[in-house]
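Here the structure is laid out as structure tokens; the discussion comes afterwards.
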Amino acid sequence: MNKVFLRNIIITVLVVALVIGGAVGIATKDSVKEVSGKNQGVVELHVSMGGAMSELGDTASDLVSDITGGGISIDTVLETVKGFIYSDAIVNVIMSLAYPLLKQTLTDLNMLEFAHTIDLYYSGPSLAEQLGENTYTCLDKDGSRKPLNEVLSSVGDDWTYMDTEVSYTKENGKQATTTLWNSIEWGVTDEESFFVVMAEMSKGLRGVLEVCIQSKTRVVNVNVLEVLLDFDAIPIRMDAADIYNVSEKSGYESCLVPLFNMLGLVDGEYPTVEEYLGYADIADMWKGILQPVFAAVDKIANSADPMQSITSLLVNFANAVESGSLVDGMRCLRMDAKFNPLAALVMGYEDGLLFNLGQSLVEIIGELGIKLDGDFNTLLDSLLQMIVKADSADLPNMDVATLTACASAQTLANGATYYVADAQKVTDFLIDYVIQEATVDAILQHTSLAGTQTASDVLAGVASSKEGLSKVVKTLAQALFFSK
């Protein structure tokens, strides 16, 4: 085992975590709950991940085989993972999250009848109409493959239709079971086709993307007689509301630019704020979000010192979680409303927050077991809890201030602070944290060794030889990762 081999493993883990996490919002559970809008309605999402997770499992298995076989290059790792991201499976995952949430949110806000005026198409038939003529296909409840528009028409406004599980025959002749969500065939084969399809799939979501991320203002225009008397023969129209983002800066500048900076990107390596806010094509909107993530991974993987880049990423991420800036930025992805006084009086609406997309993502990720809206130690506890599948977990607190002190602060051109880590110091700090008796004990409590004499012996061994163990581990780390 040499340092190139180990670096490849670390880069592989980084690629999978960043790229997949960025693309699917860390969706790995069959059902999650979300609180949306000021009415605090509960949205029940049925997210079927079988197809995506199966493909991810195959990809991960292939990567591990390649790595352990030796000779794998970073480029090969990146291309393999990109092959997974640029796939029908990821498009289907995002779709299965977005449209049920959109439908339920509009229902809770009693705004279904106004949705189309701000380019929100929440039902199957309305999305089919937006897609127009196409060649996409999907399995239906009877197990036959049909045009996607035909299946969407059967969905009506109840997206649980797509949760139906059906059996089908794979290309290799074997029988398999999947949901209708996972059976949609978009024809994604590469990066170019992926963004074309993402734009197609998102045609019912334009209003969300424009208001939450680009901070554009959309006007709800209604027929007054239709609203008051359910009579639409005479068109007397009124601008009933402005839908906008109340945040001081755009969602892109508040949330995504800090994320790109945290990943090690600087001005010129992602779209400028002015450029992104000017995008009219939905494909460009998605490219502006996802392509910089790949750029960050490429930059880390191909840097002269990947370990320095990785440890810098860790310090910046820990600082963003600990300070709350990560979640604060996400919460700037929101939709607010200012209603015409007459509309407010007649329809019973109030000015203020309609829907907070960022908070929705925080809550969804939290339901999946990853707590972003606490401090960094809360996040660590939630990760251990998720990994060991326990009801609770309590690691000893990591001193985030000491971790941050292992890096030097730099001010980027946009005024943001970026921490450049001393890789050796960060590694030493992490080793010291991991070999604490309390840390080892907290982990042992969630293994089959909990309460056994073996566990006691392990703790006694760590306690009696911690200084020597620390020296051994640090020396090995130095030899493997930092020696020339």
Side-chain angles (χ1 to χ4, degrees), residues 25 34-43 98 101-102 104-120 122 202 204-222 238-261 271-280 282 285 288-289 320 323-366 372-373 414-416:
E34 165 57 14
V35 177
S36 63
K38 63 183 178 183
N39 65 325
Q40 300 297 297
V42 176
V43 179
L101 179 58
L102 174 65
Q104 190 59 61
T105 299
L106 291 170
T107 300
D108 289 348
L109 295 171
N110 194 28
M111 292 191 68
L112 291 175
E113 60 184 304
F114 311 131
H116 293 179
T117 67
I118 53 175
D119 286 327
L120 298 178
Y122 56 86
S202 304
L205 307 171
R206 173 181 283 276
V208 172
L209 296 173
E210 289 189 348
V211 176
C212 291
I213 303 178
Q214 292 184 308
S215 293
K216 291 183 178 179
T217 297
R218 303 298 302 268
V219 177
V220 175
N221 184 273
V222 300
M238 173 183 71
D239 289 345
D242 289 335
I243 309 299
Y244 68 108
N245 188 331
V246 75
S247 302
E248 182 180 352
K249 299 178 180 178
S250 68
Y252 178 76
E253 185 175 3
S254 299
C255 177
L256 292 166
V257 171
L259 173 63
F260 300 152
N261 293 157
T272 65
V273 173
E274 293 75 17
E275 183 180 3
Y276 191 89
L277 300 190
Y279 289 152
I282 300 178
M285 297 180 200
I289 296 171
S323 67
S325 64
L326 176 63
V327 171
D328 288 345
M330 293 176 68
R331 288 175 177 151
C332 290
L333 303 175
R334 55 186 286 159
M335 301 180 78
D336 299 270
K338 183 174 181 58
F339 291 95
N340 177 298
L342 177 61
L345 177 65
V346 173
M347 292 182 268
Y349 292 120
E350 297 179 5
D351 293 351
L353 176 67
L354 286 180
F355 173 62
N356 194 307
L357 174 62
Q359 180 62 28
S360 296
L361 295 176
V362 170
E363 295 291 340
I364 288 174
I365 293 170
L372 291 178
D373 53 351
N414 61 10

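The residues of the chain are indexed from 1 along the displayed sequence.
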Between [X] and [Y], is there a donor-acceptor pair closer than 3.5 Å when you use the side chain of the first and the backbone of the second?
X: Ser202; Y: Leu205; answer: no
X: Asn245; Y: Ser250; answer: no
X: Ser215; Y: Gly251; answer: yes

To the nearest 0.5 Å, what is the distance between [atom1] ([X]) and [atom2] ([Y])?
X: Tyr122; Y: His116; atom1: OH; atom2: NE2; value: 5.0 Å
X: Leu361; Y: Ile365; atom1: CG; atom2: CD1; value: 6.0 Å
X: Asp351; Y: Asp242; atom1: CG; atom2: CG; value: 9.5 Å
X: Leu333; Y: Ile213; atom1: CG; atom2: CD1; value: 6.0 Å
X: Leu259; Y: Ile289; atom1: CG; atom2: CD1; value: 10.5 Å
X: Ile243; Y: Phe114; atom1: CD1; atom2: CZ; value: 10.0 Å

Looking only at non-hydrogen atoms, find the nearest pair between [X] and [Y] and report the distance.
X: Gly329; Y: Cys255; result: O-CB, 3.2 Å
X: Lys338; Y: Tyr244; result: N-CE2, 3.9 Å
X: Tyr279; Y: Gln214; result: O-NE2, 2.8 Å

Check whether any side-chain heavy atom of Lys249 lies under 4.5 Å from a side-chain heavy atom of Val273, and answer yes or no.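 No, side chains not in contact.
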Beyond-backbone contact of Met335 with Cys212, side-chain heavy atoms, under 4.5 angstrom: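 Yes. Closest side-chain heavy atoms under 4.5 Å.
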Give the ring-plane orientation class for Tyr252 versus Tyr276, where under 30° counts as parallel, over 60° as perpendicular and anything between as tilted.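 Tyr252 vs Tyr276 ring planes: parallel.
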Assess the residue pair Leu101 and Phe355 against the criterion (side chain to side chain contact (heavy atoms under 4.5 Å, CB included)); give the C-alpha distance rounded to whole Å, side-chain angles, the decisive distance to 0.1 Å, and a yes or no. CA-CA 11 Å; Leu101 179 58; Phe355 173 62; 4.1 Å; yes
Apply the test side chain to side chain contact (heavy atoms under 4.5 Å, CB included) to residues Val211 and Ile118: give CA-CA distance (whole Å), side-chain angles for both, the deciding distance (0.1 Å), then the verdict. CA-CA 10 Å; Val211 176; Ile118 53 175; over 6 Å; no
Pairs flagged by salt bridge (Lys or Arg N to Asp or Glu O under 4.0 Å) wherever residues 323-335 is involved - sequence neighbours left out: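 For residues 323-335, and leaving out neighbouring residues, the salt bridge (Lys or Arg N to Asp or Glu O under 4.0 Å) pairs sorted by first residue read Arg334-Asp336.
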Please identify each residue that fulfils salt bridge (Lys or Arg N to Asp or Glu O under 4.0 Å) with Asp119, with sequence neighbours left out.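 Here the qualifying residues are Arg218.
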Can you check side chain to side chain contact (heavy atoms under 4.5 Å, CB included) on Met111 and Leu120, steps first, answer last? CA-CA 10 Å; Met111 292 191 68; Leu120 298 178; over 6 Å; no
